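Any value given below was found using the heavy atoms of this structure, including those in side chains, with hydrogens, waters and symmetry copies removed. For reference, positions follow the sequence shown, starting with 1. All of these numbers come straight from a predicted model, not from anything done at the bench.
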Amino acid sequence: MTLPESASGTRPRRGQAAAAILGAAALATLSAAPAVAATATHQLAGNTRFAFHQPDPAALQQVGSLLAHHDARDAALIAGELLTPQADWFTKGTPAEVRQQVARIVVRDNALRTVPVLVIYNVPGRDCSQYSSGGAVSDSAYRAWIDGFVQGLGSGKAVVVVEPDGLANLPSDCPAAYPGQDIAALTAGRIADIRYAGESVESHDPNAVVYLDAGNSAWHSVGDIADRLTQAGVNDVQGLALNVSNYQYTANSDFYGTWVADCLAYTTTISPGAFGDCPNQYWNGGPPNNWNGVELNRYGVWSETASDPALNTAGITSRYTTMLGGLVPTAHFVVDSSRNGKGPNDMNAYAAAPYNQPAAVVHGLQNGNWCNPPGAGLGVKPTASTGVPLADAYLWVKTVGESDGQCNIAGGARAWDYGAYNPWGWNAAQQAANDPLWGILDPAAGAWFPQQALQLAQNAS
């Protein structure tokens with residue numbers, strides 16, 4: 001998970017001519033935007049215009065530096081990223097501070113006839129003490145902070161994503177991160193906190209659309225995450241958010257989100273609590289393939305007509321059709337498409353020359369391929385017109401260009417056996433610190449990563 005650099009919601013200073021150019025362009029774009037059509041409560045119109053995120057000062061510096069070096073093409077690519085609507089993250093501060101920050105953004109963006117995407121990311125013990133660890137000091141402090149967030153919202157229009165990875169990475173999933181503590185109590189508190197956040201926004205702001213984060217399609221099985229979502233009150237909000245800060249294909253997220261919604265309908269109305277009965281991405285057997293199932297391959301695009309059995313979803317979808325018997329799911333979802341244009345990086349390539357990494361290292365790389373994987377590209381731009389019945393929007397939730405973390409610090413997400421492959425001539429300390437896939441020390445989580453920002457734009461899909 002990635003903690004944005006400007007997570008406090010404060011407005012960074014603009015120090016270059018490039019900043020003024022970008023700011024003027026953004027205002028011109030906003031001024032030309034049509035009014036958002038009136039919609040029913042808790043629905044996003046297909047022509048919803050999402051709000052812009054204040055550019056990172058380091059991003060503006062990169063644009064200015066590229067222009068100074070007469071690289072107008074790459075400068076335009078970075079500027080294009082900055083002029084694409086993205087979310088605002090709220091990760092710290094006092095209740096009064098978050099109230100002021102949220103109110104400022106919502107009032108400003110609604111006045112410009114746009115809808116902000118707001119991310120709540122302050123739950124106690126977040127991120128299993130990894131790159132974006134932190135959060136409120138206690139459950140009571142968190143709930144007071146949520147109260148401030150809700151007060152800042154007022155009755156403004158907003159999309160609210162609640163606690164990325166908060167349910168997918170519960171304390172019970174990483175007990176070693178909480179030594180000497182009551183893991184069961186921490187887990188129960190986490191679920192209760194997320195429920196409080198979602199229900200507080202839902203009950204106080206009729207114009208907010210609330211989604212509880214549910215990880216991604218390459219993580220928990222459908223039934224497992226549906227169980228967690230149910231405990232956290234997903235049936236009392238609009239639905240779930242998928243792929244935040246990750247790289248899974250949008251099509252795969254659409255299937256996964258639809259199956260989670262199907263599972264929620266089945267386990268709420270038809271067979272309450274039977275989450276283990278829900279078909280999932282780790283075995284796709286069903287009538288269309290004579291029940292000859294395999295695990296779906298995360299490194300390809302799924303479809304109901306794929307000739308590759310490991311990409312074909314027809315078996316799973318057909319089973320849900322039978323299980324639901326005409327019952328229509330009510331949970332909707334949004335997908336973070338900010339960096340998934342090329343899908344996830346299949347680290348198996350590092351088993352071949354010139355890297356020749358052993359199987360154990362490739363396995364470690366696969367597990368850590370959420371952390372600044374090279375080769376990624378921007379995905380579909382934010383839109384509330386998805387063409388998928390339960391997909392309310394594709395959004396850029398992750399702040400594009402900000403690092404996921406220092407991926408090789410103390411082993412980190414880069415388990416690498418250098419062997420004879422050491423083209424940089426690093427000593428042991430340098431090997432431990434630098435990311436071997438980039439050949440540099442990655443910026444800290446949330447800091448601007450100029451090399452990755454440019455590569456994302458160059459690889460846009």
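Considering only heavy atoms from C-beta on, R126 stays 4.5 Å or farther from D165 through its side chain. When side chains are defined from C-beta on, N345 counts as touching P374, because their heavy atoms get closer than 4.5 Å. Between P85 and W396, every side-chain heavy-atom pair lies at or beyond the 4.5 Å cut-off. Side chains of V137 and P124 form no contact here, defined as non-hydrogen atoms less than 4.5 Å apart. In this structure, V400 and L378 have side chains that are in contact, with non-hydrogen atoms separated by less than 4.5 Å. Using a 4.5 Å heavy-atom threshold, the side chains of Y121 and V161 count as separate. At least one side-chain heavy atom of E402 sits under 4.5 Å from a side-chain heavy atom of D56. Within the 4.5 Å cutoff, side-chain heavy atoms of L229 are placed close to those of L167.
Between the side chain of T268 and the backbone N or O of A265, no donor-acceptor pair lies under 3.5 Å. With N216 contributing its side chain and A218 its backbone, the two residues share a donor-acceptor pair below 3.5 Å. The backbone N or O of D308 sits nowhere less than 3.5 Å from a side-chain atom of N312 that would complete a donor-acceptor pair. The backbone N or O of V335 lies less than 3.5 Å from no partner atom in the side chain of S253, so there is not a single donor-acceptor pair. In this structure, N459 contributes its side chain and A376 its backbone to a donor-acceptor pair below 3.5 Å. A side-chain donor-acceptor contact under 3.5 Å links W145 to the backbone of K92. Judged by distance alone, with hydrogens and angles left aside, the side-chain atoms of D254 form no donor-acceptor pair with the main-chain N or O of Y249 at under 3.5 Å. The backbone N or O of G343 sits nowhere less than 3.5 Å from a side-chain atom of N340 that would complete a donor-acceptor pair. One N or O on the side chain of N243 and one on the backbone of D336 form a donor-acceptor pair closer than 3.5 Å. In this structure, Q357 contributes its side chain and Y355 its backbone to a donor-acceptor pair below 3.5 Å.
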Carefully, step by step, assess D404 and R339 under the rule salt bridge (Lys or Arg N to Asp or Glu O under 4.0 Å).
CA-CA 12 Å; D404 292 320; R339 304 186 297 179; 3.0 Å; yes
Take Q366 and Y299, measure what side-chain hydrogen bond (donor to acceptor under 3.5 Å, both in side chains) needs, and give me the verdict at the end.
CA-CA 11 Å; Q366 296 283 33; Y299 300 108; 2.6 Å; yes
For L296 and L311, run side chain to side chain contact (heavy atoms under 4.5 Å, CB included): C-alpha distance rounded to whole Å, both residues' side-chain angles, the deciding distance at 0.1 Å, then the answer.
CA-CA 6 Å; L296 288 174; L311 298 176; 5.6 Å; no
Side chain to side chain contact (heavy atoms under 4.5 Å, CB included), that's the test. Do L454 and Q62 meet it? Break it down for me.
CA-CA 10 Å; L454 185 55; Q62 184 177 7; 4.2 Å; yes
For Y211 and V160: C-alpha separation, side-chain torsions, deciding distance, then whether side chain to side chain contact (heavy atoms under 4.5 Å, CB included) applies.
CA-CA 6 Å; Y211 303 90; V160 180; over 6 Å; no
Residue pair W416, Y421: steps toward the side chain to side chain contact (heavy atoms under 4.5 Å, CB included) verdict
CA-CA 10 Å; W416 187 271; Y421 183 76; 3.8 Å; yes
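Salt-bridge annotation for R414 and D435: present, with a side-chain N of the basic residue lying under 4.0 Å from a carboxylate O of the acidic one.
Relative orientation of the Y418 and W426 rings is perpendicular, given thresholds of 30° and 60° on the angle between their planes. Note on ring orientation: taking the six-membered ring where Trp is involved, the planes of F90 and F149 are perpendicular (angle over 60°, cut-offs 30° and 60°).
Of all non-hydrogen atoms in P288 and G315, the two that sit nearest each other are CD-CA, 3.9 Å.
In this structure, CG in N252 is found 9.0 Å from OG1 in T313, a value given to the nearest 0.5 Å. Summarising the geometry, atom CD belonging to Q86 is positioned 11.0 Å from atom CG belonging to L395; distances are rounded to the nearest 0.5 Å. Note that CZ of F52 and CG of L83 are 6.0 Å apart. Values are rounded to the nearest 0.5 Å. Of the inter-residue distances, the one linking N246 atom CG with S338 atom OG reads 9.5 Å to the nearest 0.5 angstrom. In this structure, T330 OG1 and L390 CG are separated by 9.0 Å, a value rounded to the nearest 0.5 Å. The distance from atom CH2 of W302 to atom OG1 of T317, rounded to the nearest 0.5 Å, is 10.5 Å.
In summary, the side chains of N290 and N292 do not present any donor paired with an acceptor at a separation below 3.5 Å, with no hydrogens or angles considered. Judged by distance alone, the side chains of E163 and Y142 do bring a donor and an acceptor atom under 3.5 Å apart. If you check the side chains of D392 and Q238, you find a donor sitting under 3.5 Å from an acceptor.
For the side chain to side chain donor-acceptor pair (under 3.5 Å) condition, the pairs that include at least one residue of residues 222-232, sequence neighbours left out, are D173-R228, H220-D224, D224-R228, D227-Q231. Judged as a side chain to side chain donor-acceptor pair (under 3.5 Å), the pairs with a partner in residues 371-381 (not counting sequence neighbours) are, in order, N372-S403, N372-D442.
Taking the six-membered ring where the residue is Trp, the centroids of F449 and W438 are separated by under 6.0 Å.
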